[in-house]
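Heads up, the thing below is written out as structure tokens.
Counting starts at 1 for both ligands and their atoms, in listed order. Everything quoted here is computed from the prediction, not taken from an experiment.
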Amino acid sequence: MIKPDGVQRGLVGRIIQRIEEKGFKIVAMRLSVMDKERAEKHYAEHAGKPFYGDLVEFITSGPSVQMVVEGKGVISAIRKMNGATNPAEAAPGTIRGDFGIETGRNVIHGSDSPESAAREIALHFSDSEIFEYKRIDEPWLY
Ligand code: RTP
Ligand code: MG
């Protein structure tokens with residue numbers, strides 16, 4: 001997910017470009033303002049933590065881009081491409097390292113395990129919004 005700061009700052013194209021250039025396939029995508037209920041479910045693992053209220057408020061504050069991205073090792077690869085949670089500590093070359101400064105404005109979210117990916121995909125997309133297709137470069141990627 002490209003968070004509201006990434007959208008407001010005009011980083012959507014550059015972030016999607018990184019995902020596509022790597023060879024990953026976008027199989028679902030939407031721009032929407034997440035409502036409070038959905039945001040609370042999305043970040044349910046952090047319920048009760050001191051930053052939870054601010055996090056939900058921020059994530060619902062404007063449009064974000066929700067995506068389903070497919071590819072070999074995609075979950076850990078995207079986490080690496082996103083960089084450390086605190087952009088001040090994220091390595092240059094990562095999305096957070098290149099585009100952010102504050103933990104509360106860290107531009108992008110990535111699912112952290114197959115289980116959370118499955119849960120988050122089901123929360124944000126119906127089956128009919130997720131597409132199967134071949135990228136033209138697939139025989140060269142794999
Ligand atoms: P995300 O879930 O957004 O991809 O980020 P993450 O896995 O790298 O970090 P996580 O621990 O899941 O935290 C979720 C989001 O909550 C905000 N946060 N604030 N101490 C703090 O103030 C604090 N810790 C986390 C960040 O926006 C983080 O991305
Ligand atoms: Mg997380």
Side-chain angles (χ1 to χ4, degrees), residues 1-135 137-138 140-142:
M1 169 172 61
I2 303 172
K3 295 182 181 182
D5 52 338
V7 175
Q8 305 270 337
R9 293 176 57 208
L11 298 174
V12 171
R14 273 175 281 177
I15 291 169
I16 289 175
Q17 184 169 9
R18 289 179 184 218
I19 294 167
E20 288 188 319
E21 282 172 343
K22 173 77 175 165
F24 291 136
K25 184 158 64 180
I26 296 166
V27 296
M29 181 158 66
R30 177 195 306 115
L31 178 75
S32 74
V33 180
M34 223 185 277
D35 63 27
K36 191 160 179 261
E37 192 189 344
R38 192 185 292 256
E40 283 176 346
K41 282 187 187 158
H42 179 88
Y43 277 124
E45 64 172 305
H46 298 304
K49 294 184 186 169
F51 59 83
Y52 182 64
D54 287 346
L55 179 58
V56 169
E57 192 181 328
F58 168 60
I59 224 71
T60 57
S61 67
S64 57
V65 176
Q66 299 92 47
M67 282 180 274
V68 182
V69 179
E70 197 175 273
K72 190 176 177 185
V74 66
I75 294 173
S76 64
I78 291 277
R79 299 277 297 177
K80 283 183 197 147
M81 288 163 69
N82 289 356
T85 306
N86 180 355
E89 285 162 14
T94 65
I95 291 166
R96 288 164 172 169
D98 289 348
F99 297 134
I101 296 170
E102 291 274 357
T103 300
R105 297 286 185 274
N106 62 2
V107 183
I108 190 149
H109 159 79
S111 306
D112 61 13
S113 67
E115 294 71 31
S116 49
R119 191 183 65 79
E120 290 166 19
I121 290 168
L123 177 64
H124 296 294
F125 293 98
S126 61
D127 287 349
S128 65
E129 293 175 305
I130 303 171
F131 298 97
E132 240 175 77
Y133 66 96
K134 261 200 188 313
R135 273 180 63 140
D137 54 359
E138 261 174 46
W140 298 98
L141 284 165
Y142 296 104

Margin query: Within the 4.5 Å heavy-atom criterion, are Phe24 and Glu70 side-chain neighbours or not?
Written below: no
Worksheet item: Is there side-chain contact between Met34 and Ser64, with heavy atoms separated by less than 4.5 Å?
Response: yes
Per side-chain hydrogen bond (donor to acceptor under 3.5 Å, both in side chains), Glu120 is matched among Gln66, Lys41, His109 by His109
Are the side chain of Arg30 and the backbone of His124 linked by a donor-acceptor contact shorter than 3.5 Å? yes
Nearest to [atom], what protein heavy atom do you find, and at what distance?
{"atom": "atom 7 (O) of ligand 1", "result": "Arg79 NH1, 2.8 Å"}
{"atom": "atom 20 (N) of ligand 1", "result": "Phe51 CD2, 3.8 Å"}
{"atom": "atom 27 (O) of ligand 1", "result": "Thr103 O, 3.1 Å"}
{"atom": "atom 6 (P) of ligand 1", "result": "Thr85 OG1, 3.5 Å"}
{"atom": "atom 3 (O) of ligand 1", "result": "Tyr43 OH, 2.7 Å"}

Need the ligand 1 atom indices (1-based, order shown) with element for anything under 4.0 Å from a heavy-atom of [X].
{"X": "Asn106", "value": "26 (C), 27 (O), 28 (C), 29 (O)"}
{"X": "Arg96", "value": "1 (P), 3 (O), 4 (O), 5 (O), 8 (O), 29 (O)"}
{"X": "Gly110", "value": "4 (O)"}

Counting heavy atoms under 4.0 Å, the part of His42 that contacts ligand 1 is neither
Please confirm whether Phe58 approaches ligand 1 to less than 4.0 Å, judged on its heavy atoms.
no
Could a heavy atom of Lys3 be found less than 4.0 Å from some atom of ligand 1? yes
Atom 13 (O) of ligand 1: of His109, Glu102, Lys49, His46, the nearest heavy atom sits on His46
If you compare Asp54, Asp5, Leu55, Val56 by their heavy atoms, the one closest to atom 17 (C) of ligand 1 turns out to be Leu55
Under 4.0 Å between a Lys/Arg side-chain N and an Asp/Glu carboxylate O for Asp137 and Arg135? yes
**Message:** With a 4.0 Å cut-off on N to O distance, would you call Glu57 and Lys36 a salt bridge?
**Reply:** no
| query | Run the side-chain contact (heavy atoms from CB on, under 4.5 Å) check on Ile26 and Val68 step by step: do they pass? | reply | CA-CA 6 Å; Ile26 296 166; Val68 182; over 6 Å; no
ask   = Does any N or O atom in Gly104 lie less than 3.5 angstrom from one in ligand 1, N or O only?
value = no
In terms of heavy-atom contacts, Ile101 and Asn86 come closest through O-OD1, 3.7 Å
| message | Is there a side-chain contact (heavy atoms from CB on, under 4.5 Å) between His42 and Met1? Walk through the geometry before answering. | response | CA-CA 11 Å; His42 179 88; Met1 169 172 61; 3.7 Å; yes
